[in-house]
Amino acid sequence: MSNGGFEKDRGTLKKVCPAKAYGITCQGREQCPVAGGVRVPLAVDRRIFTPIARESYKWAKEYRYRTAVERVNSRLDVSFGFERHTIRGLAKMRARCGLALCVMLAMALGRVREKQQERMRSLVRSVS
C-alpha cells in the first residue's frame with residue numbers, strides 16, 4: 001500500500017492502493033476490498049506507525065537529526081567516560097555533561113580556526 005498521508009484529526013495514517021496512487025488501471029479494482037484505501041490508527045503501534053511516512057524525504061531528514069544526536073551521546077559515553085561514572089546527584093551530572101559538551105564545541109571551534117575542518121570532529125590529535 002502506498003502512503004496517502006496523515007489525517008491529524010483522526011490520528012490515522014491513510015494507505016491507498018498503489019494502482020490508484022500512481023494512476024495505473026487495475027483490472028480487479030471492482031473486487032478489491034481495499035480499493036478505497038485503509039486507515040491505520042497510530043495507536044496500533046506508535047513505533048511503527050508514525051505521522052511522517054518512513055519512505056518520505058522528510059523522514060530521512062528527521063532521522064539524520066536523530067543519528068547526529070546518537071553520535072554525540074556515544075561520544076559522551078565512550079570518549080568522556082560517562083559510561084562508567086561515579087557521579088551522584090543530578091546537578092553534578094548536569095554540570096559535568098555541560099562541561100563535556102563545551103569541550104567538544106571548543107575543540108571543533110579550534111579546528112575551524114586553524115583551518116582543519118576535515119578533523120573538526122576528531123578527539124585524537126590536536127596538531128597536524
Side-chain angles (χ1 to χ4, degrees):
M1 301 291 284
S2 296
N3 183 33
F6 174 64
E7 296 177 333
K8 188 175 184 178
D9 56 332
R10 294 182 176 186
T12 61
L13 291 176
K14 188 171 183 182
K15 299 292 185 178
V16 295
C17 175
K20 182 179 178 182
Y22 298 113
I24 302 169
T25 56
C26 181
Q27 296 174 355
R29 185 166 173 84
E30 293 79 28
Q31 296 85 19
C32 184
V34 292
V38 176
R39 287 187 175 88
V40 181
L42 295 181
V44 170
D45 190 349
R46 184 66 179 181
R47 296 172 118 189
I48 297 172
F49 301 109
T50 59
I52 303 170
R54 289 180 185 260
E55 62 274 0
S56 67
Y57 292 115
K58 186 175 181 182
W59 175 269
K61 181 181 174 185
E62 293 294 322
Y63 205 78
R64 272 184 269 156
Y65 294 136
R66 178 185 175 188
T67 306
V69 169
E70 291 295 333
R71 273 195 302 268
V72 170
N73 290 342
S74 173
R75 179 166 285 184
L76 284 174
D77 279 348
V78 176
S79 300
F80 288 95
F82 283 88
E83 199 166 40
R84 305 178 116 216
H85 66 83
T86 56
I87 300 169
R88 297 285 184 183
L90 185 59
K92 291 179 189 175
M93 191 63 172
R94 281 185 177 163
R96 187 165 173 195
C97 284
L99 286 172
L101 291 170
C102 286
V103 167
M104 287 172 64
L105 288 172
M107 289 180 71
L109 181 63
R111 296 279 165 80
V112 169
R113 286 186 177 169
E114 292 294 320
K115 309 280 190 281
Q116 299 174 0
Q117 287 89 350
E118 68 278 352
R119 292 193 335 212
M120 182 171 48
R121 294 174 189 88
S122 175
L123 294 174
V124 181
R125 290 184 0 199
S126 60
V127 181
S128 57

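FYI, side chains are in, hydrogens and waters are out, and symmetry mates aren't considered; it's all heavy atoms of this structure.
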Hydrophobic cluster of Y63, others only, ordered by chain and residue number, side-chain cut-off 4.5 Å: I52, W59

hydrophobic_cluster_shared for L101 and M107, side chain cutoff 4.5 Å: yes

Cluster check V103, L109: I/L/V/M/F/W/Y, side chain < 4.5 angstrom: no

Separation between [atom1] of [X] and [atom2] of [Y], rounded to the nearest 0.5 Å:
| X | Y | atom1 | atom2 | answer |
| --- | --- | --- | --- | --- |
| M93 | H85 | CE | NE2 | 4.0 Å |
| R94 | I87 | CZ | CD1 | 13.5 Å |
| E70 | T67 | CD | OG1 | 7.5 Å |
| E83 | N73 | CD | CG | 11.5 Å |

Minimal non-hydrogen separation, [X] against [Y], with atom names:
| X | Y | value |
| --- | --- | --- |
| S56 | A53 | OG-O, 2.7 Å |
| F6 | T12 | CD1-O, 3.3 Å |
| C97 | F82 | SG-CE2, 3.6 Å |
| L13 | L42 | CG-CD2, 3.9 Å |
| L76 | A100 | CD2-CB, 3.6 Å |

Listed once per pair and sorted, the side chain to side chain donor-acceptor pair (under 3.5 Å) pairs that draw on residues 101-110, sequence neighbours left out: none

Residues forming a salt bridge (charged side-chain N to carboxylate O under 4.0 Å, His left out) with E7, sequence neighbours excluded: R10, R39

R54, CZ: over 12 other non-hydrogen atoms inside 6.0 angstrom: yes

